[in-house]
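To keep things clear, I will list the structure first and then write my remarks on it.
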Amino acid sequence: MSINKIYTFKNGMLNIYPKFIEYKTKNGKSKQSMSRFNIGGVNKEYVRILERQVMQYGFLFSAIGIGLLIFSISTSENETVLTYLSAGSLFIGLFLVVGFLFFDGLLGIKLTTEVCLLLFGIKGYKISIQNDGGGDHIEFFLFEKEIFDIEEIANYKLVH
């Protein structure tokens with residue numbers, strides 16, 4: 001199976017094959033494809049996206065809080081400032097971890113995801129390659145700096 005073109009992005013790879021087009025995530029958990037005869041338009045929607053998962057931000061804040069707490073215990077200077085910083089960092093970390101599990105996972109509110117998008121989200125795009133054949137569209141997210149060649153994908157449509 002030969003490949004006409006490969007687009008490599010931070011989150012995955014878009015392969016243009018002779019008869020179909022396929023997007024695979026970097027971790028290999030998701031794969032979407034469609035016939036090149038069915039390629040319709042390519043839609044771009046501006047969104048904010050996270051470089052890491054919410055749980056990773058939670059664990060990072062918790063680790064920083066624990067590190068600051070250990071440092072404040074081992075030194076005697078500015079003990080109260082470091083203690084408050086470590087307590088704040090631990091609180092944020094625990095809020096993100098527990099909130100992600102409870103609010104986002106159990107209740108489906110997406111509270112901690114929205115907080116992380118507000119604080120840590122960067123500019124990006126949701127790309128949707130329309131399927132004129134009525135099947136599922138190919139949808140994926142790109143960071144702003146990766147948007148360079150996305151319009152030309154519609155040119156890969158095959159005509160009977």
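- Here the CG-OG distance, from L69 to S74, works out to 10.0 Å after rounding to the nearest 0.5 Å.
- No more than 12 heavy atoms of other residues, nucleotides or ligands lie within 6.0 Å of CZ in R52, so this atom counts as exposed by the packing criterion.
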Decide side chain to side chain contact (heavy atoms under 4.5 Å, CB included) for L107 and F102; before the verdict, give the C-alpha distance in whole Å, the side-chain angles of both, and the deciding distance to 0.1 Å. CA-CA 6 Å; L107 299 178; F102 181 71; 3.5 Å; yes
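- Using a 4.5 Å cut-off on side-chain heavy atoms (C-beta onward), K123 and Y46 make contact.
- R48 CZ to L118 CG: the interatomic distance, rounded to the nearest 0.5 Å, is 7.0 Å.
- When all heavy atoms are compared, the tightest approach of F100 to V54 is CD1-CB, 3.7 Å.
- Follow the hydrophobic side-chain contacts under 4.5 Å out from L119 and you reach F103 in the same cluster.
- Considering all non-hydrogen atoms of both residues, N15 and M13 come closest at OD1-CG, 3.6 Å.
- In this structure, F140 and Y23 have parallel ring planes: the angle between them is below the 30° cut-off, well short of the 60° mark.
- Of all heavy-atom pairs spanning P18 and R36, the tightest one is O-NH1, 3.4 Å.
- Proximity of a side-chain donor or acceptor of E146 to a complementary backbone N or O of K10 within less than 3.5 Å is detected.
- For CG of N155, the number of neighbouring non-hydrogen atoms (other residues, nucleotides, ligands) closer than 6.0 Å is greater than 12.
- In this structure, CG in D132 is found 13.0 Å from CZ in F37, a value given to the nearest 0.5 Å.
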Mind running side chain to side chain contact (heavy atoms under 4.5 Å, CB included) on V97 and M55 for me, showing each step along the way? CA-CA 5 Å; V97 171; M55 292 287 279; 4.0 Å; yes
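- Counting heavy atoms from C-beta outward, I147 and K44 have side chains that approach closer than 4.5 Å.
- A 4.5 Å side-chain heavy-atom check between L14 and I6 finds every atom pair outside the cut-off.
- By the 4.5 Å heavy-atom criterion applied to side chains, Q130 and N43 are counted as neighbours.
- No more than 12 heavy atoms of other residues, nucleotides or ligands shown are found within 6.0 angstrom of CD on Q53.
- Closest approach of L68 to S86, counting heavy atoms only: CB-CB, 3.6 Å.
- Residues Y57 and E51 have side chains that never bring a donor and an acceptor to within less than 3.5 angstrom of each other.
- The hydrophobic clustering, which links ILVMFWY residues whose side-chain heavy atoms are closer than 4.5 Å, places L90 and F95 apart.
- Put simply, CG on N11 and CG on N27 are 9.0 Å apart, with the number rounded to the nearest 0.5 Å.
- Within the model, atoms CD1 of I39 and CD1 of I21 stand 4.0 Å from one another, a figure rounded to the nearest 0.5 Å.
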E45 and F141: CA distance, side-chain angles, deciding distance, side chain to side chain contact (heavy atoms under 4.5 Å, CB included) verdict: CA-CA 9 Å; E45 178 186 344; F141 294 91; over 6 Å; no
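- When only modelled atom types and interatomic distance are considered, T112 and E114 share no side-chain donor-acceptor pair under 3.5 Å.
- Taking every heavy atom of both residues into account, C116 and L50 meet most closely at O-CD2, 3.4 Å.
- Under a hydrophobic clustering in which Ile, Leu, Val, Met, Phe, Trp and Tyr are joined whenever their side-chain heavy atoms come within less than 4.5 Å, directly or via other members, I49 and V115 fall into different clusters.
- Side-chain contact between T75 and L82: present, with at least one pair of heavy atoms (C-beta onward) separated by less than 4.5 Å.
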L101/L106 under side chain to side chain contact (heavy atoms under 4.5 Å, CB included): CA gap, chis, key distance, verdict: CA-CA 7 Å; L101 294 173; L106 189 62; over 6 Å; no
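- With a 6.0 Å radius and a threshold of 12 heavy atoms from other residues, nucleotides or ligands, F91 has its CZ atom at or below the threshold.
- Summarising the geometry, atom OG belonging to S35 is positioned 8.0 Å from atom CG belonging to N131; distances are rounded to the nearest 0.5 Å.
- Under a hydrophobic clustering in which Ile, Leu, Val, Met, Phe, Trp and Tyr are joined whenever their side-chain heavy atoms come within less than 4.5 Å, directly or via other members, F71 and L60 fall into the same cluster.
- Within a 6.0 Å sphere centred on OH of Y84, heavy atoms belonging to other residues, nucleotides or ligands number 12 at most.
- Considering all non-hydrogen atoms of both residues, F143 and I122 come closest at CD2-CD1, 3.1 Å.
- Linking Ile, Leu, Val, Met, Phe, Trp and Tyr whenever their side-chain heavy atoms come within less than 4.5 Å leaves I64 and I70 in two separate clusters.
- Ionic pairing of E22 and K31 is present here: one or more N-O contacts between side-chain nitrogen and carboxylate oxygen are shorter than 4.0 angstrom.
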